[in-house]
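All remarks here apply to the structure that follows.
Counting starts at 1 for both ligands and their atoms, following the listed order.
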Amino acid sequence: MAVHSTHRDGVLVVALDNPPVNALSPDVLVDLVAALDAGEADPSVRAFVLAGRNGIFSGGADIRWFGKTPPAGTPFLPEVIARIEASPKPFVAAIEGTAFGGGLEIALACDRRLASPRAKVALPEINLGLLPGAGGTQRLPRATGSAAALRFILSGAPVEADDALRLGIVDGVESGDLLEAACAQAAALEARSRLSGRSATAEPDAFVAARAQLPAIEQGGLAAHRCADAVEAATKLPFEQGLARERELFLELLSSEQSKSRIHVFFAQREAAKVPDVPADTPVADVRTVCVVGAGTMGTGIAMALANGGLQVRVVEASGDVLARGRALIEKNYAASARKGRFSEAAVAERLGRMHFGTDLTVAADADLVIEAVFEELDIKREVFGRLETICRPDAILATNTSTLDIDAIATDSARAGDIVGLHFFSPANVMKLLEIVRGTHTSARAVATSLAKTIAKIPVVARTCDGFIANRMLAPYGRETMQLVEEGAWPQDVDRVMERFGFPMGPFRMFDLAGLDVGWRIRKRRLAEGKLSAVRDSEIGDRLCELGRYGQKTGAGIYRYDDGRTPQPDPEVEALIVAESARLGIERRPMSDDEILNRCMLALINEGAKALEDGTAIRPGDCDIAWIYGFGFPAYRGGPMHYADTLGLSRVRDDLFALSERHGAHWRPAPLIERLAARGGRFADLGAYEAKAPAWT
Ligand code: T1G
């Protein structure tokens with residue numbers, strides 16, 4: 001049974017039981033109605049308490065069933081809630097743990113909501129490109145006021161019990177026996193006091209102000225605008241008409257591409273944490289103390305991410321000056337976060353209190369995990385790992401933050417190759433959510449499983465070691481293509497405008513300038529020195545700019561000029577350099593359409609993603625999507641490059657790639673995976689873990 005009923009002195013306690021999050025699946029909805037029917041028909045039942053088992057109230061509607069037809073006889077959630085609303089007997093919701101989405105909407109249909117101190121409530125539907133579609137947009141404004149309800153629903157973020165009480169979302173916080181208190185309250189209720197019987201305050205200014213802040217509908221803002229419309233309806237329409245309006249808007253969103261993309265991201269993010277040959281019960285290291293080797297930009301960001309996750313941190317740096325600068329940078333960043341109200345002074349002091357700085361690598365001796373973040377040079381990294389092997393405990397995990405080097409090359413000749421794993425953070429490491437876990441040929445399941453991702457609030461994606469892993473590997477042809485477009489006639493600002501309109505927070509050229517053009521320059525020079533020339537010609541525009549000392553924002557000039565240090569301005573000097581480069585290459589510059597710019601950038605990403613799936617670097621297409629959404633800001637409302645490819649249709653993708661290969665060279669030939677999928681009318685979404693590797697499905 002997905003719902004359990006127990007009698008308590010005239011109160012029927014109806015508990016949801018669908019682990020892990022009591023999602024409101026068809027079984028739950030059917031069993032819930034049956035329990036309500038039984039309770040209503042039972043004269044000994046004077047009132048109901050709704051609760052959840054598994055330490056949680058409910059994670060909301062079962063997202064897996066969206067767009068699917070439930071078994072015959074399954075009531076829709078709004079119908080179940082209407083049942084609660086219509087019942088003559090009072091209801092109290094006992095909220096333990098999480099009450100999200102439809103779970104909170106069920107509670108809002110009750111007469112009282114009692115929460116445990118650690119409870120969290122949210123209407124996070126906007127994160128799925130939806131709105132609260134079971135009465136939340138009509139009942140919440142009647143509990144909290146419409147402006148507060150609008151803020152809550154537009155944020156999609158959870159609030160804790162005390163704040164929920166302050167906002168009027170719950171009526172009490174019970175630190176004793178929650179169920180007992182809820183039953184007592186239910187038994188004491190003489191009559192129903194439904195939120196539907198109240199009116200929602202009209203606060204028109206709040207709606208004007210909120211709408212002014214919303215992203216444009218075509219820029220992923222569809223759900224936000226519809227949320228505002230629905231909550232506003234609560235202030236203008238009688239309750240039942242408001243519900244009908246909410247339903248209309250909900251169904252519009254449910255069939256939207258933006259919502260389908262965001263729901264894809266929800267599940268892809270959770271799938272990405274699963275590695276087929278690393279079972280969920282793989283023993284992991286018990287990590288409490290982490291040693292970070294290197295106090296540069298990445299090392300300091302990583303140290304902050306670890307401290308924010310509650311860990312003891314030892315920052316080691318050979319150079320005392322670099323160490324001092326790193327420490328000062330961390331303190332400055334925390335001070336800035338405190339000023340922005342992100343952390344309290346006490347929280348900053350507490351985090352800094354768990355950080356220790358030193359120049360002596362032997363402090364790594366008691367670390368459970370070491371993360372090396374020194375200069376991106378193979379010999380330097382191997383030297384560090386050589387020393388760590390003798391210093392560290394046999395059960396310690398040895399991780400490297402390399403962004404381009406082969407894990408196997410770092411672990412060569414190491415007696416601890418099984419303990420060596422890539423933990424690739426993205427800059428700034430204390431902000432960017434993505435954590436690429438890179439496994440070498442010998443990396444153990446234990447090292448892969450001990451990623452810390454959840455502890456430090458990162459989103460993990462597992463990659464097999466190769467040049468650039470997943471995210472940077474896909475970035476290489478994307479970056480190369482942006483330069484080719486510029487050689488052929490586009491200006492950097494055109495490419496950035498097109499990609500920002502597509503939804504990236506920052507176009508590629510602004511991103512390159514922020515990251516530093518010298519990063520790519522050093523990698524190209526190193527590869528040249530190692531004789532590892534790229535099969536496809538790299539543009540030399542970046543090299544020319546670096547030779548002029550234009551490394552990007554950090555030098556005040558790169559692709560753009562930054563007179564105020566922040567605002568990118570097209571620079572005639574760069575445009576002249578580009579025109580000269582086109583002439584040197586014998587390229588006749590031509591006008592370039594926005595569609596061509598977008599298509600070539602996207603196809604470069606998609607084709608490389610497909611190749612990474614074919615050779616097993618990436619496990620699932622969704623992993624490539626998550627890597628690009630959380631690593632490079634690919635718009636989540638488009639679902640990521642591989643999901644976007646499915647929306648284009650793989651036969652079109654294949655045909656466009658062939659057309660480009662005829663015009664621009666064989667490197668554009670579609671990956672065999674794309675050809676095979678297109679030939680059978682397939683989608684990337686059809687592929688499970690590692691299925692792209694084995695042509696089992698042809
Ligand atoms: N439906 C289906 N599966 C769900 C689910 C849901 N609502 N929530 C979680 N899961 C699965 C998840 O995929 C994973 O599966 C497992 O549960 C554990 O999740 C009409 C329209 C509740 C805070 O948006 O935010 O109600 O990978 O790893 O970190 O208005 O899950 O193990 O196979 O995330 O402890 C609104 C979504 C729905 C909340 C728990 N609700 N869930 O976090 O576990 S729309 C949400 C969460 C709605 C109504 C509308 C979190 C969580 P697997 P997890 P967690």
Using the test side-chain contact (heavy atoms from CB on, under 4.5 Å), find all partners of A685 that sit at least two apart in sequence or belong to another chain.
D646, R683
Going by side chain to side chain donor-acceptor pair (under 3.5 Å), name the pairs with one or both residues in residues 236-249, residues two or more places apart or in two chains.
T137-E246, R245-E248
Side chain to side chain donor-acceptor pair (under 3.5 Å) contacts in which one or both residues fall within residues 158-172, not counting sequence neighbours
D163-R166
side-chain contact (heavy atoms from CB on, under 4.5 Å) test vs L77 passes for just one of V28, L24, L32, namely L24
Ion pair R139/E85, N-O distance below 4.0 Å:
yes
Can we say R354 and E350 salt-bridge, meaning some charged N sits less than 4.0 Å from an Asp/Glu carboxylate O?
yes
With the criterion set at N/O pairs under 3.5 Å, what does the list of contacts between the protein and ligand 1 look like, atom names and distances included?
{"unit_1": "ligand 1", "atom_1": "1 (N)", "unit_2": "A61", "atom_2": "O", "d": "3.4"}
{"unit_1": "ligand 1", "atom_1": "1 (N)", "unit_2": "I63", "atom_2": "N", "d": "2.9"}
{"unit_1": "ligand 1", "atom_1": "7 (N)", "unit_2": "G59", "atom_2": "O", "d": "3.3"}
{"unit_1": "ligand 1", "atom_1": "7 (N)", "unit_2": "A61", "atom_2": "O", "d": "2.9"}
{"unit_1": "ligand 1", "atom_1": "13 (O)", "unit_2": "R64", "atom_2": "NH2", "d": "3.2"}
{"unit_1": "ligand 1", "atom_1": "15 (O)", "unit_2": "R64", "atom_2": "NH2", "d": "3.3"}
{"unit_1": "ligand 1", "atom_1": "26 (O)", "unit_2": "A61", "atom_2": "N", "d": "2.9"}
{"unit_1": "ligand 1", "atom_1": "26 (O)", "unit_2": "G102", "atom_2": "N", "d": "2.8"}
{"unit_1": "ligand 1", "atom_1": "27 (O)", "unit_2": "K274", "atom_2": "NZ", "d": "2.6"}
{"unit_1": "ligand 1", "atom_1": "29 (O)", "unit_2": "K454", "atom_2": "NZ", "d": "3.3"}
{"unit_1": "ligand 1", "atom_1": "30 (O)", "unit_2": "E105", "atom_2": "OE1", "d": "2.5"}
{"unit_1": "ligand 1", "atom_1": "30 (O)", "unit_2": "E125", "atom_2": "OE2", "d": "2.8"}
{"unit_1": "ligand 1", "atom_1": "30 (O)", "unit_2": "G133", "atom_2": "N", "d": "2.9"}
{"unit_1": "ligand 1", "atom_1": "33 (O)", "unit_2": "R64", "atom_2": "NH2", "d": "3.4"}
{"unit_1": "ligand 1", "atom_1": "33 (O)", "unit_2": "K274", "atom_2": "NZ", "d": "3.2"}
{"unit_1": "ligand 1", "atom_1": "34 (O)", "unit_2": "R270", "atom_2": "NE", "d": "2.7"}
{"unit_1": "ligand 1", "atom_1": "34 (O)", "unit_2": "R270", "atom_2": "NH2", "d": "3.3"}
{"unit_1": "ligand 1", "atom_1": "41 (N)", "unit_2": "G59", "atom_2": "O", "d": "2.8"}

